[in-house]
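Below, chains carry the letters A, B, ... as their sequence lines are ordered, and counting in each starts from 1.
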Number of protein chains: 2
Amino acid sequence: MSTIKDVAKIAEVSIATVSRVVNNGPKVGEKTRNKVLKVMADIGYKPNANARALVTQKNTTIGVVIPDLTDPFFASLANGVEKIARQNNMQLLLSTGQVSADSERRAINLLLERQCDAFVVHSKKLADEELISLAQQAPGLILIDRFIEAIQHRCVWLDNFEGGGIAARHLLSLQHTQLACVTSHYSIDDPSLRLQGFSAELARQDKQMVPELIVDAEPNQQGGELATQKLLSKHIPFSAVFVYNDAMAIGVISALEDNGFRVPQDVSVIGFDDVLLSRYSRPKLTTLHYPIEEMAEKAAQLALANCEQVSIHQSSETFKYLPRLVKRESTSALSL
Amino acid sequence: MSTIKDVAKIAEVSIATVSRVVNNGPKVGEKTRNKVLKVMADIGYKPNANARALVTQKNTTIGVVIPDLTDPFFASLANGVEKIARQNNMQLLLSTGQVSADSERRAINLLLERQCDAFVVHSKKLADEELISLAQQAPGLILIDRFIEAIQHRCVWLDNFEGGGIAARHLLSLQHTQLACVTSHYSIDDPSLRLQGFSAELARQDKQMVPELIVDAEPNQQGGELATQKLLSKHIPFSAVFVYNDAMAIGVISALEDNGFRVPQDVSVIGFDDVLLSRYSRPKLTTLHYPIEEMAEKAAQLALANCEQVSIHQSSETFKYLPRLVKRESTSALSL
DNA sequence: TTGAAAGCGATACCAT
DNA sequence: ATGGTATCGCTTTCAA
């Protein structure tokens, strides 16, 4: 691969001049510029981004750490960041953190070594303290889908509690009173917050759940099916189910139908996340839209802004997002 | 951010020594090593990857160019490459090429500037000649999902023609004779190859299609629904449909059911790709598995290998993959 | 308008 | 075992 020296030699100018034309520098003679431009094109010169980054101390990449790309939810997150990257003529440097604290830490470190000054991290495994200290040393680090009070201005997160409340209000407004919940036994935070919000809203309206009608399973379709079996085996009637996420909800619906219940005529089902799946299912899923792409864009912009200003101007802004109810076909009013 | 000099100064050794311990260099005294290690930990030293790349002339990133991350198919592709990257302690540098030739070209160039020596490219818009010349100057460039004879040892691709054949054999073996096809009017290559393979297999078995029963639409769920309307409006009976991809197939099924046809009892439907969706649909989709993740891994390994050996050892290997029939619930034998 | 030269942070070769 | 130093490709003063 040819370097700036090659160009300089062939064009019979100094490397300084070449550098100027590469960067559209201010004072370059018209003829010199054209001569250099021609040589560059001829030999297919491409500036070395590493060398450039080394001297300018700034990187043209923005990093992302997510558990896994195959999950459409995280793919959307990455996509949001990528969009901002592209708008700023930057590229995405991606590390999957998998499920362990170790690999999350490793991924972040790699990004740091790359001098990647802006990056958004989705971490579920790292402890608060570690994240806080990381955030301190890396001003461009933004946490997504996680709220840590000590660094709240660096967090872009969804109000899961309120999400549960919205779901409850929707079901209640449809006259349902016999409510069931299917939750996840993984990653404690989100599921329990959603559940708490749900219960809190019921309480506010002087209703409450039958504890037996709260079951958990793995957060995927099969888990949803299993959970439904458990629910059904209790022989306690229910007319609506609030499910942890859409994948599970699809499982719940198919198990329900396999057992002779029609959705939504006999049982209403509401999911969470609004992933692609929910639009493709039959019946189409009523769910809570998780604006992950929008949040990711915000996080990326924040990360970028935070590196710009060396000042620790710590905007007092806070970045809480609310899920939005998307009424589709899997919920309907209780028919008596 | 602290540099190697800082460490050297504090530890009272030369930067050469620090460099040795960073790289687990061979000859370093035990005490010196520990002293340096301690200082590094204390001040949180992280080697600058850019400087490193500059001098070693090798990059620790592997690039990917895809149209879009939100499409699960491309997400899987990226995931396959990422897996190989991780195995080699590298990271993913990702550029979305969007739909235009310009942005595909731009994405590739950015990767090149980053000295990214290994990368896998999914390009549908760039012309053969351009890709060929690119491949010539970048030995680590591997094309995925595209076959160009002149650089066939740099291509990892799926035999779409044969895929059509497999679909036809499956439907024929189930006694179907009234066949319909729903294809895509986008990106000419894949759809038409699949269709040609389908027809060729029919011909081989002395069958043929009614030309009216071939319709096209956009390659998504809605397109599938629209296409089905068109099909139905012809008032020509058919008992099986070969659909361009899974998303369309889901649309076909729901339109069919909306019009009173049961799947698979009245009409069998077979998709293509085997994306997540196909396992979540009801009935579960019979489809052709596109081993994209496996292909992506292969492509990444190839890219890596090609940069290693400076020799143009041009293995005469070729990398054609075959789709695999996945029988699920949307196809069944014709019942008379 | 152009060139010379000093670094950016690391590696690696040559001494010692 | 350790240190000195040239070098990687580029940007950026400072002179001319």
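If you check C/dC8, C/dA5, C/dA10 against the side chain of A/I15, the one that comes closest is C/dA5. With D/dT11, D/dG3, C/dT11 as the candidates, the nucleotide lying closest to the side chain of A/T56 is D/dT11. Checking C/dG9, D/dG3, C/dC8 against every side-chain atom of B/K5, the shortest atom distance belongs to C/dC8.
Considering only side-chain N and O atoms, B/T17 lies under 4.0 angstrom from the phosphate OP1 or OP2 of D/dG3. Between C/dT11 and B/N23, a contact under 4.0 Å exists linking OP1 or OP2 to a side-chain N or O. Put simply, A/T3 has no side-chain N or O that comes within less than 4.0 Å of OP1 or OP2 on D/dG9. Of the side-chain N and O atoms in A/N50, none sit less than 4.0 angstrom from OP1 or OP2 of D/dG9. Between A/T32 and the phosphate of C/dT2, there is a side-chain N or O to OP1/OP2 separation shorter than 4.0 Å. The side chain of B/S19 contributes no N or O atom lying less than 4.0 Å from OP1 or OP2 of C/dA12. Distances shown here put every side-chain N or O of B/Q57 at or beyond 4.0 Å from the OP1 or OP2 atom of C/dT11.
A/K31 comes within contact range of no nucleotide atom at all, as no heavy-atom separation falls under 4.0 Å. Within 4.0 Å (heavy atoms only), A/V13 reaches sugar-phosphate atoms of the nucleic acid but no base atom.
Proximity of a side-chain donor or acceptor of A/D71 to a complementary backbone N or O of A/F73 within less than 3.5 Å is detected.
Judged as a salt bridge (Lys or Arg N to Asp or Glu O under 4.0 Å), and not counting sequence neighbours, the contacts of A/E130 are A/R105.
Here B/D128 pairs with B/R146 in a salt bridge; the nearest charged N to carboxylate O distance falls below 4.0 Å. Between A/K125 and A/D102 there is no salt bridge, since no side-chain nitrogen of the basic residue lies less than 4.0 Å from a carboxylate oxygen of the acidic one.
If you take CZ of A/R52 and P of D/dT12, they are 10 Å apart, rounded to a whole angstrom. Atom pair A/N48:CG and C/dC8:C1' shows a separation of 13 Å (rounding to whole Å applied). Between the P atom of D/dG9 and the CD atom of B/E113 lies a distance of 15 Å, rounded to the nearest Å.
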For B/T96 and B/F74, what are the C-alpha separation, side-chain angles and deciding distance, and is it a side chain to side chain contact (heavy atoms under 4.5 Å, CB included)? CA-CA 10 Å; B/T96 60; B/F74 296 122; over 6 Å; no
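Taking for each of A/R20 and B/E30 the nucleotide of DNA chain D with the nearest heavy atom, the 5'-most of the two is the partner of B/E30.
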